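Below: one structure, written as structure tokens.
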Amino acid sequence: MLYYLFRYLHEHYHLAGTGVFQYTTFRAGLAVVISLLIAQLFGHRLIRVLQRKQVGESIRDLGLQGQNEKKGTPTMGGLIIILAILVPVILLARLRNIYIILMILSTVWLGLIGFLDDYIKVFRKNKEGLSGRFKVLGQVGLGITVGWVLFYSNEITVREYLLPNGTFSAVDASKVFKDVHLMITTVPFMKNNELNYGDLFATAGTFFNGLYGFLYIPIVIFLITAVSNGANITDGLDGLAAGTSAIIGITLAIFAFVSGNALLADYLDVMFIPDSGELVIFCTAFVGACIGFLWYNSYPAQVFMGDTGSLALGGIIAVLALIVRKELLIPILCGVFLIENLSVIVQVSYFKYTRKKYGEGRRLLRMSPLHHHYQKLGYHESKIVSRFWIVGIMLAVITLVTLKLR
């Protein structure tokens, strides 16, 4: 809203300083400041309200060090993150931008699913929370919505440049170009790194040319579900999910800035996505919200984000990666989420297999997810979180290297 106000003042009254709101970098920096302030001011008040209402986390006895100390810690702190994201975005971003609309929708959608889960656990005293199938249905519903918009909306475009041989390319800049609705993505570590989803059906004949949305939308559903569940599983130690998400958010902000800037996209020889630069404001608000939440969530935590926050964080990351055409980098960028997910899948699968084969279930890890395995080995919670953050930073650097290493 402030963006439109200051643009009006600049265009009609030429007030000094109002033109600065046209710069993405200024609004992105302001978004960080506002999100941090909201997290600080609102967070403290929310924690006191949750404490008065006795909205405390019920802890299962897993035999982990320091576990009983967490009992009664307020949960549903994800409301802090969601508010600290939405307020600066609504104030500073161009709300008519299709990508901003998608990100606001994704944040609210998954935030509501997580809130329902936390509400049932806390106020209905049902430890199981929202039924798993309803969570999945909510994630699938968002995946269908996002996939449908990305695939069918004519506002979703990439810029193609005319090459000397008369063909068009999304990465080799020239003075002759056109913005087209084309479902292509970036393949990491390859020189000619464009993958057209339509080409996957090309060998099947012309009948299938218009049907590759039936391939793309399931990919979107899978990624949103996998990453949001990965963030949810990772949220098991103080500061782990929030800190890891902040690292990923900074990386995606860089990708959004590069992909939305024609000069930088030309210099780095990457795909230029018109209007995607506006996502930098969302990304910086996202990072500010995560860091602001860490003020209260770092060890020992004063509040837990609950599913309200963790499902939203993962879903936001997945949708951002899809929009900037970096979904194939998710296994690297979200490597911490991935290994946490895999640790649970492998542990459960191996236990079932050995129980069927030997009559007694066996475990590969002391406990899953992976962070609990290290707790069982005697590592302090803060050390585990710090080392997972370091791994997250290393993975983020590897992801950014793909901008030039092909």
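Computed from a prediction, not measured in an experiment: that's the story for all the values here.
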Next on the checklist: Quick check with a 6.0 Å cut-off and a 45 degree axis cone: is Arg159 positioned over the face of Phe272's six-membered ring?
Outcome noted: no
Checklist entry - Quick one: does Gln139's side chain have a donor or acceptor within less than 3.5 Å of a partner on Ser228's backbone? => result no
Checklist entry - Is it the case that more than 12 heavy atoms not belonging to Phe134 sit under 6.0 Å from its CZ atom? => result no
Next on the checklist: Which label fits Tyr152 and Trp148: parallel for a plane angle under 30°, tilted from 30 to 60°, or perpendicular past 60°?
Outcome noted: tilted
Item to check | Heavy-atom neighbours of Phe26 CZ exceed 12 at 6.0 Å | outcome: yes
Item to check | Tyr99 side-chain N/O to Val324 backbone N/O, donor-acceptor pair under 3.5 Å | outcome: no
Checklist entry - Is a donor on one side and an acceptor on the other found under 3.5 Å between the side chain of Asn341 and the backbone of Ala226? => result yes
Checklist entry - Is there a donor-acceptor pair closer than 3.5 Å between any side-chain N or O of Glu194 and the backbone N or O of Ile184? => result no
Item to check | 4.5 Å side-chain heavy-atom contact, Phe282 and Ile316 | outcome: yes
Next on the checklist: I'd like to know if the side chain of Asn261 and the backbone of Phe257 have a donor-acceptor N/O pair within less than 3.5 Å.
Outcome noted: no
Checklist entry - Counting only N and O atoms by type, is there a donor-acceptor contact under 3.5 Å from the side chain of Asn97 to the main-chain atoms of Asp275? => result yes
Checklist entry - Do Leu79 and Leu83 come close enough that some side-chain heavy atom pair is under 4.5 Å? => result no
Checklist entry - Does Gln347 use its side chain to pair, donor to acceptor, with the backbone of Leu364 at less than 3.5 Å? => result yes
Item to check | Side-chain touch Val336/Trp389, heavy atoms, less than 4.5 angstrom | outcome: no
Item to check | Asp238: partners by salt bridge (charged side-chain N to carboxylate O under 4.0 Å, His left out), with sequence neighbours left out | outcome: Lys70
Item to check | Any donor-acceptor pair under 3.5 Å from His181 side chain to Phe151 backbone | outcome: yes
Item to check | Expected output: side-chain Thr284 to main-chain Ile281 donor-acceptor under 3.5 Å | outcome: yes
Item to check | Side-chain touch Tyr197/Thr185, heavy atoms, less than 4.5 angstrom | outcome: yes
Checklist entry - Heavy-atom count around Lys383 NZ within 6.0 Å, excluding the residue itself: above 12? => result no
Next on the checklist: Please check this pair: side chain of Thr308 against backbone of Gly78, looking for a donor-acceptor N/O pair closer than 3.5 Å.
Outcome noted: no
